[in-house]
Number of protein chains: 6
Amino acid sequence: MRPSGRKTDQMRKVSFERNFSKHAEGSCLVKFGDTHVLCTASLEEKPPAWLRNSGKGWVTAEYGMLPRATGDRMRREAATGKQGGRTQEIQRLIGRSLRAVVDLQALGERQITIDCDVIQADGGTRTASITGGFIALHDCLKWMEARSMVKVDKVLKDHVAAISCGIFANQPVIDLDYLEDSSAETDANFVMTGNGGIVEIQGTAEGTPFSQEELLKLLSLATNGIAELVELQKQAIA
Amino acid sequence: MRPSGRKTDQMRKVSFERNFSKHAEGSCLVKFGDTHVLCTASLEEKPPAWLRNSGKGWVTAEYGMLPRATGDRMRREAATGKQGGRTQEIQRLIGRSLRAVVDLQALGERQITIDCDVIQADGGTRTASITGGFIALHDCLKWMEARSMVKVDKVLKDHVAAISCGIFANQPVIDLDYLEDSSAETDANFVMTGNGGIVEIQGTAEGTPFSQEELLKLLSLATNGIAELVELQKQAIA
Amino acid sequence: MRPSGRKTDQMRKVSFERNFSKHAEGSCLVKFGDTHVLCTASLEEKPPAWLRNSGKGWVTAEYGMLPRATGDRMRREAATGKQGGRTQEIQRLIGRSLRAVVDLQALGERQITIDCDVIQADGGTRTASITGGFIALHDCLKWMEARSMVKVDKVLKDHVAAISCGIFANQPVIDLDYLEDSSAETDANFVMTGNGGIVEIQGTAEGTPFSQEELLKLLSLATNGIAELVELQKQAIA
Amino acid sequence: MRPSGRKTDQMRKVSFERNFSKHAEGSCLVKFGDTHVLCTASLEEKPPAWLRNSGKGWVTAEYGMLPRATGDRMRREAATGKQGGRTQEIQRLIGRSLRAVVDLQALGERQITIDCDVIQADGGTRTASITGGFIALHDCLKWMEARSMVKVDKVLKDHVAAISCGIFANQPVIDLDYLEDSSAETDANFVMTGNGGIVEIQGTAEGTPFSQEELLKLLSLATNGIAELVELQKQAIA
Amino acid sequence: MRPSGRKTDQMRKVSFERNFSKHAEGSCLVKFGDTHVLCTASLEEKPPAWLRNSGKGWVTAEYGMLPRATGDRMRREAATGKQGGRTQEIQRLIGRSLRAVVDLQALGERQITIDCDVIQADGGTRTASITGGFIALHDCLKWMEARSMVKVDKVLKDHVAAISCGIFANQPVIDLDYLEDSSAETDANFVMTGNGGIVEIQGTAEGTPFSQEELLKLLSLATNGIAELVELQKQAIA
Amino acid sequence: MRPSGRKTDQMRKVSFERNFSKHAEGSCLVKFGDTHVLCTASLEEKPPAWLRNSGKGWVTAEYGMLPRATGDRMRREAATGKQGGRTQEIQRLIGRSLRAVVDLQALGERQITIDCDVIQADGGTRTASITGGFIALHDCLKWMEARSMVKVDKVLKDHVAAISCGIFANQPVIDLDYLEDSSAETDANFVMTGNGGIVEIQGTAEGTPFSQEELLKLLSLATNGIAELVELQKQAIA
């Protein structure tokens with residue numbers, strides 16, 4: 001019944017390719033089916049201006065899409081002269097989500113920037129970015145640990161991963177691809193930790209409003225899916 | 001226990017001053033306590049380019065803050081040369097929320113722009129904007145009805161209102177003011193219709209992640225609060 | 001003969017609502033008939049870079065219009081990405097006018113920003129901004145005096161107020177509203193001090209050029225009008 | 001007593017070099033002493049969008065300064081990414097001043113752009129731009145007349161020229177150079193037609209406010225100076 | 001003697017991965033050693049405005065670098081708000097180079113945009129972009145041929161490829177990597193067709209000027225290298 | 001056979017007018033026939049940020065065109081809000097070319113900015129800018145020498161000049177004017193020192209690719225032309 005033939009609670013094949021980039025302190029090419037996002041972590045040995053002398057560091061994120069990551073070519077934001085509202089919304093979400101599992105005090109006065117660049121898009125780019133961005137962040141901290149700058153276990157308090165769920169053809173389903181996303185009645189993104197705590201929930205009725213029961217069904221799908229993603233993250237960094 | 005002395009389920013005093021603006025087709029100064037937002041509805045007799053010849057119209061929103069609406073003066077976005085990420089996120093939310101109760105086909109090939117300008121801010125500006133923006137939109141449609149352009153009842157499918165809830169000092173509370181907002185562990189915005197359907201839910205853990213139980217408590221507070229707001233809207237436009 | 005029925009030397013009803021804003025060090029909602037401008041004064045405890053270590057401070061102004069302050073909705077300058085030429089011209093005028101009565105040495109190394117935001121426009125927004133901006137500036141200095149930072153009488157050398165005059169239907173008239181302004185042959189703005197000294201005069205022939213005699217008639221109208229405005233300012237801050 | 005040794009009512013040497021530019025329909029290098037401005041007139045065979053099908057044309061102006069036209073190098077506005085407030089104020093003034101002597105109906109649905117680029121600055125660049133811009137505009141209309149597009153006498157209703165006057169060392173003087181301009185107490189720009197009608201007057205007190213008597217003295221100086229400039233214009237285009 | 005141990009006339013390992021992108025009409029991941037560039041070709045069924053009704057089409061290129069493609073993270077151009085001078089220079093070069101082998105008349109009134117996005121940089125990104133961009137362009141034309149829109153052989157007149165050469169440690173060498181590039185005395189980029197015709201040559205003395213003899217040695221290295229690249233292109237698209 | 005009647009190896013009349021600008025430390029109006037460029041050199045007593053405490057200085061260039069320097073009026077880049085790709089390409093070339101003959105260590109921690117503003121364009125503006133920019137740079141250094149800041153002979157290592165050559169109507173010709181430039185098959189710009197060393201070579205096939213033999217013919221024309229330009233520079237600064 002889903003265009004891809006998947007079951008309602010079945011995510012696409014997820015994979016992490018670590019150390020994808022030669023230069024970055026941490027990097028990961030994450031794939032959720034045909035959605036491919038390159039996440040890199042860049043360490044800077046000073047925090048943003050407003051954190052100077054606070055003893056605390058910062059984790060931030062930037063998001064971009066290659067112009068032909070999508071079915072129709074989109075205008076390059078660098079050529080347009082500004083990042084659109086959607087881009088800004090997404091990169092703020094990624095940053096908030098990753099910071100939720102970081103002890104900024106333990107990080108010290110440094111900044112780590114997670115760049116999430118969508119190489120190919122097929123729905124769910126923001127949730128893939130968070131899930132893969134965690135790996136890049138982890139590997140950057142490992143790189144720092146190897147140089148005695150931090151202890152990974154002190155800085156990273158937990159795992160964090162994200163998944164989208166939605167109501168498609170009157171059925172709650174997990175991990176919407178582009179086809180589903182563009183005709184779903186309701187679309188919700190969930191960000192959760194390894195312990196199952198909710199970091200962020202964003203649900204939007206595209207057509208008719210949804211009910212509390214529907215929200216709970218989506219939350220249940222997401223809880224299972226994110227547990228699975230955290231498991232995959234653990235295997236990847238083992 | 002709340003800085004304002006309010007009970008956990010007590011909203012601030014809410015008021016709507018209709019026809020605040022001499023020029024706009026619809027307008028409303030909405031107040032949630034010390035948060036004051038001027039909402040105006042402007043009718044344009046042609047839809048955005050991508051809806052030409054579709055028979056459908058559009059409702060969109062823009063959001064701004066006067067530089068000294070806040071405790072510290074913020075730089076004027078017109079002087080900065082761009083709207084920040086937060087502004088864009090909020091105006092996209094307001095637009096989506098209002099469109100959820102509009103029949104765009106019944107509106108016809110026109111555009112209504114809801115401008116929400118924060119005159120004074122004390123937390124909850126986006127939810128006040130949605131709640132007051134509904135009144136401005138309604139009054140604009142009334143103005144059109146008086147000119148035989150539309151039937152209000154055909155275009156407006158339901159009421160829509162919004163409220164923020166959060167976990168402050170370990171307690172779920174409704175309608176956070178600035179003091180609460182800046183130290184809340186969790187902050188969630190709810191947009192719901194008169195029928196109790198959920199249009200949008202955005203929950204963020206500022207500190208520790210929150211649980212499904214906490215989410216449900218916030219949702220319950222919001223459901224009651226929004227019912228009350230819809231009642232106030234009904235009185236205002238009676 | 002005037003659309004409003006006013007006499008040629010009759011200004012619109014002028015009022016000042018002090019302390020309009022909860023946050024600003026000084027604020028005033030000034031009304032000239034249907035022209036309503038919110039003026040706030042924001043104190044910053046350091047001067048602009050080019051005045052560091054000069055012992056002198058600065059007073060500057062910014063001006064904006066809400067998109068639907070006017071009969072037709074105007075594009076939001078923050079969305080356009082820049083302030084138009086008219087906006088910049090006006091805010092430079094307001095700043096110059098207020099500085100004309102300020103002893104910058106007595107102010108000390110600080111900056112006061114006067115934000116003038118037009119809530120509703122019906123002609124004369126720049127002269128209302130100057131006249132009301134003076135009240136906001138005064139109240140900001142009072143706030144500082146209460147904290148032993150300055151003496152108001154040392155910093156403020158005089159009152160300053162402004163009015164527009166013009167030739168409408170071949171008659172010199174004072175305080176043009178929008179209807180008059182858009183068809184006046186000549187339009188002139190006058191800024192004067194409490195002592196009757198001229199701070200700024202800007203006269204423009206919209207249609208046929210004007211003569212020295214006409215200029216003097218406009219100046220005479222303005223002199224009387226500004227004396228009246230200064231009187232109203234004195235009552236307001238008494 | 002003036003730094004240049006000029007008498008109070010003595011302008012600098014003024015000259016017009018017509019046909020300075022090979023490409024433009026009209027052009028003029030105007031010099032007021034060491035202030036040199038290149039004015040070109042460019043004809044476009046369609047009016048701005050808002051005048052389509054109105055039967056009327058438009059005359060507009062743009063103003064720029066070469067980065068090292070001044071004593072200290074100024075940042076190039078093209079590199080900064082926007083035209084400053086001063087630039088916009090000046091180009092709006094030039095456009096208004098020239099339009100005051102143009103019959104836009106007789107011009108027909110066309111646009112003439114007057115570019116005024118300051119090659120070297122020594123005070124009075126805006127008044128030189130207006131005075132020289134008139135010559136470029138005239139020559140462009142001559143070029144059009146030679147092609148039977150318009151009659152110069154129908155389009156140009158009169159001459160227009162401009163001069164600055166000010167109070168320097170307590171004395172009203174005409175045509176301030178940079179040295180005078182930077183320490184004048186009052187600075188006023190006058191734009192007048194060949195018939196002595198006032199098109200624009202902009203007077204600003206830089207130090208103490210000025211009186212009506214002082215204004216009249218400046219106006220008297222300007223009236224004589226502009227009559228002289230118009231005479232020079234007539235000789236130049238004879 | 002070269003840091004990589006390569007011989008002076010030895011290029012890095014070059015590979016082309018066609019159909020890298022699911023959505024684009026043509027795409028190719030080109031690698032010159034550690035320099036990896038994703039080239040996509042996007043077809044648009046209308047030409048740029050200035051070619052309407054000319055019967056001719058257009059091929060253009062855009063270039064970008066992921067922020068962490070380089071050793072130090074570079075600011076994202078979309079966040080900066082404009083494309084830097086280097087980016088614009090490179091994308092103009094890529095476009096000119098590809099158009100040199102395209103019959104724009106045979107292409108018809110369409111536009112093909114070649115996006116070259118550097119995933120990882122180690123010197124020579126512009127020459128890799130041209131060489132790989134040719135493959136993407138070819139595959140896009142194949143896609144069009146399959147839909148009877150064009151004949152590839154009519155549109156593509158020849159192959160085109162590019163290589164950099166330079167004088168490093170006093171020796172002419174081919175295909176500089178980043179280490180060599182940053183200390184080379186002379187750096188030259190060559191673009192040539194399959195027939196050995198020169199399309200573009202850009203030589204720059206970074207240190208001491210170079211002589212005609214040195215230029216000829218670099219040209220000779222490039223001629224051989226480009227012949228080899230064209231051979232690899234032919235194998236790739238066979 | 002050339003539109004201007006010049007021989008294939010004949011440059012246009014070249015002249016240098018030194019001290020064109022009253023304010024700049026060095027300035028030169030350079031003319032190559034109808035191409036007129038004003039070059040000014042501006043000294044700043046601190047280097048760019050990235051050279052602080054390096055003991056070295058910097059020479060940079062900016063390039064602009066007056067809007068009506070060309071046959072059709074071009075939009076003013078300051079109004080557009082950014083410098084186009086062509087402008088940036090040219091100003092980077094001018095800067096690189098001039099730095100090739102400057103000992104930045106001997107200059108000391110200062111910056112000289114060469115502004116090249118095209119007053120009138122008829123082809124070859126970038127090569128005229130380099131050739132005239134050298135004079136402005138030289139004169140700025142002379143100005144500094146007169147103030148015991150540097151020794152001109154220590155800072156300036158050689159002359160530098162530039163010329164364009166191209167293949168027009170199947171013939172290699174030197175110093176293309178606009179008519180030739182717009183229909184040349186190949187267009188190449190050469191920058192060389194007084195000693196005949198090549199600083200920069202940029203050759204582009206506009207139509208069919210060119211051969212090594214053609215390149216050598218253009219190089220030979222350029223070598224002679226630049227020797228002549230250097231001779232003219234020597235006479236000018238003698």
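What you see below is based on every heavy atom in this structure, not just the backbone, and it leaves out hydrogens, waters and symmetry mates. Proteins get letters first, then strands, A, B, ... in listed order; numbering begins at 1 in each.
Residues C:Ala41 and B:Arg68 approach most closely at O-NH1, 3.8 Å, considering heavy atoms. Residue C:Ala79 comes nearest to B:Glu62 through the heavy atom pair CB-OE1, 4.3 Å, listed as atom of the first residue, atom of the second, then distance.
The distance from atom CG of C:Leu38 to atom CG of B:Leu38, rounded to the nearest 0.5 Å, is 11.0 Å.
Between C:Leu66 and B:Asp115, the closest side-chain pair of non-hydrogen atoms is not below 4.5 Å.
Neither the backbone nor the side chain of B:Tyr178 comes within contact range of chain C; no heavy atoms are under 4.5 Å apart. With a 4.5 angstrom heavy-atom cutoff, B:Thr40 touches chain C only via side-chain atoms. Only the backbone of C:Thr70 comes within less than 4.5 Å of a heavy atom of chain B; no side-chain atom from C-beta onward does. For a residue to count as touching a neighbouring chain, one of its non-hydrogen atoms must lie under 4.5 Å from one of that chain's; by this rule C:Asp117 touches chain B with the side chain only. Looking at B:Glu25, both its backbone and its side chain come within 4.5 Å of chain C, counting heavy atoms on both sides.
When the shell of 6.0 Å around NZ of C:Lys157 is examined, it contains more than 12 heavy atoms from other residues, nucleotides or ligands.
Interface check for chain B: of the options C:Gly64, C:Ala24, C:Ser21, the most heavy-atom pairs under 4.5 Å are formed by C:Ala24. When each of C:Lys22, C:Gln83, C:Arg76 is checked for heavy-atom pairs under 4.5 Å with chain B, C:Arg76 comes out on top. Between chain C and the options B:Thr113, B:Leu43, B:Thr80, heavy-atom pairs under 4.5 Å are most frequent for B:Thr113. Of the listed residues (C:Ala78, C:Pro67, C:Gly71), the greatest number of heavy-atom pairs within a distance under 4.5 Å of chain B belongs to C:Ala78.
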